[in-house]
Enquirer: 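Once you've had a glance at the structure underneath, I'll fire off some questions.
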Amino acid sequence: MTDKPSQTLYAAFAARIDAVLAALEKEGHLPPETSRANVSVEPPRDPSHGDLATNAAMVLAKAAKTNPRALAEKIIEHLARDPLIESADIAGPGFINLRLARQNWITELRAIAQLGDDYGKSTIGDGKRVNVEYVSANPTGPMHMGHCRGAVVGDALAALLEFAGHEVTREYYVNDAGGQVDTLARSAHLRYREVLGEDIGDIPEGLYPGAYLVPVGQAAAEEFGARFQAEPEEEWLPIFRAFAVERMMDLIKSDLALLGIRHDVFSSEAALQAAQKPEAAEAWLREHDLVYDGVLEAPKGKAPPEDWEAVELPLFRSTKFGDDQDRPIKKSDGKWTYFGADLAYHMQKAEKADALIDIWGADHSGTVKRIKAAVAALSEGQGKPIPFDVKLVQMVQLLRGGEPVKMSKRSGNFVTIADMVEEVGKDVVRFSMLTRKPEAQMDFDFAKVIEQSKDNPVFYVQYAHARISSILRKAADQGVAPSADALDTLGEHELDVIKQAAQFPREVEAAARAREAHRIAFYLYDLAAAFHALWNMGNDDPGKRFIVGQDPAVSSARLFLASQIGQVIRNGLALLGVEAVEEL
RNA sequence: GCGCCCGUAGCUCAGUCGGAUAGAGCAUCGGAUUCCUAAUCCGGAGGCCACAGGUUCGAAUCCUGUCGGGCGCACCA
């Protein structure tokens, strides 16, 4: 989405290598205007290969009419003159492996200290406005497990994009205009009558049976008295709808708060319709022959629906944009379909954004094509093509000790977010949701994440941070403070951990580009592992501890290192919305 | 029947723009604790990257097909 150059340490060396290639071109070793697009400069998987590797010689050999190793020789001649590069070697089929001079890492360590909470921030977003819509659960009840993953993934992604230099709007679309909120209103009215003393018996089929509506009935009774008890539905339906939706949204917001999630904008579908946005969209689409009146084909499902009949409806030409079928924007009763309103809604979002991202549950995968088609049609047609990404979040299977947790929506018996957070804690819920790529299905086993808490990655990362906090407390007691004065005393093993920490800005950029917040979780795990390994060296050899009794200079340098590792862990956890604890 | 997602070690999963000998945790086997938090660390064993073709210097990664699992296929939301 943006070509703004990166400013990480690694990017700096990529630029140096690019400069070398430009020089070679000038010297005639490379033909003019050779594309260097496929040249990569990145840390090799195997650290024994050095700090950085480039495939430049392999990619460009053909253009240079030579073999990769010969070209690599030329490249290395230049690189060897760079004082920040300690060594450059040719390996394998023609890779060039670089070992960076020690001072690069020391400089990076100081940078962490200087930048603090800002370390890892990137400008690749270039201030572009990105609207991330997530959760958008129907306002008909408390949030349950099915909403959880999308909520966490969306929230972490929003934080990540913000950190990477985007201007992010966190948005929630409130579906307060469809049939479900009418059902909600009727269900609430029934509870209202119950509170007023009526015997309502069993909740009829088709209404929401959940006990969470009892307080709504209570509140309605307090608000309206008996005014609507025996009135016909037309009298109270709109009133109860608005009343109940507002309370459901309060409920949802408090559930979200338990997860540490707060949206910037709540957009109401009813308000959108009242403002006649769908009409405007339809008019424009009709003008451009993208909406026409036509008849839908019969559904192709396994069993043909008995009550299906051909009806003429206004259809959007989504097939023109790769969809399998044109899609109705209005129902036969004249009301907008969900899609009809949704396309207008996306236009509304697009007015104030440079890019849109929707986080949806996988059960909506079938509607991705049509909404992408709509956004493409409207935004391109109006001269402002807008990047639009729909991220599908797969289902989470809830388990307890390997057994599926039984849930039934009909009886209103489902595991809520509030239950979950109460049982295992916000940090565990959030981190767990981010330790799997969102598009893969996952299991969430209550027994596993709490009973075997030591096997849980979130504790592993938090433990590293807690250890760092602990060592700094201990040092303070002994009158030793972190200091950058003697960083020259840091050894190879310490340098290895700095190298790991130095990857953070790069990970942030890669994750932001891919729009995958889970990468940060995995990165933090690796960083924590590197720290734990360093720590344990002190168990075998007291001279390798952070606090070395006889040597305040060495101690202060190592404490400085520890302190900066803690800083990076904090910065990463902040993106995930997980607390960096001082003690475990 | 069609569309989307997934398939990597016994289990749960990573795998950067297509790069070098495919990685981690759990489980398993063997070690480390008079010591800054052992909720940790070190080592061993464990692989047809579902299968078959293709693209190219190079494929777990991209393309095609097959098989397997999930989700969806109303004018619902």
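Each chain gets a letter, A, B and so on, in the order the sequences are listed, and its residues count up from 1. As a basis for the values below, the full set of heavy atoms in this structure was taken, side chains included, without hydrogen atoms, waters or symmetry mates.
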Enquirer: Looking only at atom C1', what distance separates B/rC57 and B/rC73, rounded to whole Å?
Expert: 45 Å
Enquirer: OP1 or OP2 of B/rC13 sitting under 4.0 Å from any side-chain N/O of A/Arg436?
Expert: yes
Enquirer: Categorize A/Phe522 for me: base, sugar-phosphate, or nothing, with a 4.0 angstrom heavy-atom threshold over every strand shown.
Expert: sugar-phosphate
Enquirer: Find which nucleotide of RNA chain B each of A/Asp176 and A/Arg545 is nearest to by heavy atoms, and output the residue with the more 5' nucleotide.
Expert: A/Arg545
Enquirer: Assign A/Gln180 to base, sugar-phosphate, or nothing according to its heavy-atom contacts below 4.0 angstrom with the strands shown.
Expert: sugar-phosphate
Enquirer: Suppose you measure atom P in B/rG58 against the same atom in B/rU40; what distance do you get, rounded to whole Å?
Expert: 44 Å
Enquirer: Less than 4.0 angstrom between a side-chain N/O of A/Tyr460 and OP1 or OP2 of B/rC41, yes or no?
Expert: yes
Enquirer: Please enumerate all residues that pass ring pair (Phe, Tyr, Trp, His ring centres under 6.0 Å) together with A/Phe560, with sequence neighbours excluded.
Expert: none
Enquirer: Which is true for A/Ala466 with a 4.0 Å heavy-atom rule: it touches a base, it touches only sugar-phosphate, or it touches nothing?
Expert: base
Enquirer: Under 4.0 Å, heavy atoms only, any strand: does A/Phe339 hit a base, just the sugar-phosphate, or nothing?
Expert: nothing
Enquirer: How would you label the contact of A/His518 with the nucleic acid (heavy atoms, under 4.0 Å): base, sugar-phosphate, or nothing?
Expert: sugar-phosphate
Enquirer: Take the angle between the ring planes of A/His144 and A/His147 and call it parallel below 30°, perpendicular above 60°, tilted in between.
Expert: tilted
Enquirer: Looking across every strand, which nucleic acid part, if any, lies under 4.0 Å from A/Lys369 by heavy atom: base, sugar-phosphate, or nothing?
Expert: sugar-phosphate
Enquirer: Just to be sure I understand the rule, does A/Gly538 reach a base, reach only the sugar-phosphate, or reach nothing, if contact means heavy atoms closer than 4.0 Å?
Expert: base
Enquirer: I'd like the C1' distance from B/rG53 over to B/rG47, given in whole Å.
Expert: 22 Å
Enquirer: Give A/Thr337 one of three labels, base, sugar-phosphate or nothing, depending on what nucleic acid heavy atoms sit under 4.0 Å from its own.
Expert: sugar-phosphate
Enquirer: For atom C1', what is the distance between B/rU61 and B/rG23, given to the nearest Å?
Expert: 15 Å
Enquirer: Just checking A/Asn175: base, sugar-phosphate only, or nothing, at a heavy-atom cut-off of under 4.0 Å?
Expert: sugar-phosphate
Enquirer: Once you measure the plane-to-plane angle for A/Phe522 and A/His518, does it fall in the parallel (<30°), tilted (30-60°) or perpendicular (>60°) bin?
Expert: perpendicular
Enquirer: Between B/rU21 and B/rU55, how far apart are the C1' atoms? Round to whole Å, please.
Expert: 25 Å
Enquirer: Say we look at B/rG30 and B/rG46: how far apart would their C1' atoms be, to the nearest angstrom?
Expert: 15 Å
Enquirer: May I ask you to list the residues of residues 41-50 of chain A, by number, that have any heavy atom positioned under 4.0 Å from an atom of RNA chain B?
Expert: A/Glu42, A/Pro44, A/Arg45, A/His49
Enquirer: Just say parallel, tilted or perpendicular for the rings of A/Tyr525 and A/Tyr460, cut-offs at 30° and 60°.
Expert: parallel
Enquirer: When all nucleic acid strands are considered with a 4.0 Å heavy-atom cut-off, which category describes A/Val548: base, sugar-phosphate, or nothing?
Expert: nothing
Enquirer: Heavy atoms only, 4.0 Å cut-off, all strands: where does A/Ala53 land among base, sugar-phosphate and nothing?
Expert: base
Enquirer: Determine the interatomic distance between C1' on B/rU66 and the same-named atom on B/rG19; round to the nearest Å.
Expert: 29 Å
Enquirer: Can you classify the ring geometry of A/Phe316 versus A/Phe321 as parallel (below 30°), tilted (30 to 60°) or perpendicular (above 60°)?
Expert: parallel
Enquirer: Need one value for A/Ala362: base, sugar-phosphate or nothing, where a base atom within 4.0 Å counts as base even if backbone is also close, heavy atoms only.
Expert: sugar-phosphate
Enquirer: Is the A/Tyr345 ring parallel, tilted or perpendicular to the A/Tyr173 ring (thresholds 30°, 60°)?
Expert: parallel
Enquirer: Which part of the nucleic acid, if any, lies within contact of A/Ala91, taking any heavy atom under 4.0 Å across all strands shown: a base, the sugar-phosphate backbone alone, or nothing?
Expert: base
Enquirer: When A/Asp358 is tested against each of A/His364, A/Lys349, A/Lys391 for side-chain hydrogen bond (donor to acceptor under 3.5 Å, both in side chains), which residue passes?
Expert: A/Lys349
Enquirer: Any side-chain N or O of A/Ser470 less than 4.0 Å from the OP1 or OP2 oxygen of B/rU37?
Expert: yes
Enquirer: So, does the side chain of A/Asn55 form a donor-acceptor pair with the base of B/rA20 at under 3.5 Å?
Expert: no
Enquirer: Is it true that atom NZ of A/Lys499 has more than 12 heavy atoms of other residues, nucleotides or ligands lying nearer than 6.0 Å?
Expert: yes
Enquirer: May I ask you to evaluate whether A/Trp360 reaches the phosphate of B/rG72, defined as a side-chain N or O under 4.0 Å from OP1 or OP2?
Expert: no
Enquirer: What contact category does A/Pro328 fall into here, base, sugar-phosphate, or nothing, at under 4.0 angstrom with non-hydrogen atoms?
Expert: sugar-phosphate
Enquirer: When you compare B/rU8 with B/rG69, how far apart are their P atoms, in angstrom units rounded to a whole number?
Expert: 14 Å
Enquirer: Taking NZ, NE, NH1 and NH2 as the nitrogens, is one of them in A/Asp293 or A/Arg286 under 4.0 Å from a carboxylate oxygen of the other?
Expert: yes
Enquirer: Let me know, please, whether A/Asp443 or A/Ser365 comes out on the 5' side of the other along RNA chain B by nearest nucleotide.
Expert: A/Ser365
Enquirer: May I ask you to verify whether the side chain of A/Ser332 and the base of B/rC75 hold a donor-acceptor pair under 3.5 Å?
Expert: yes
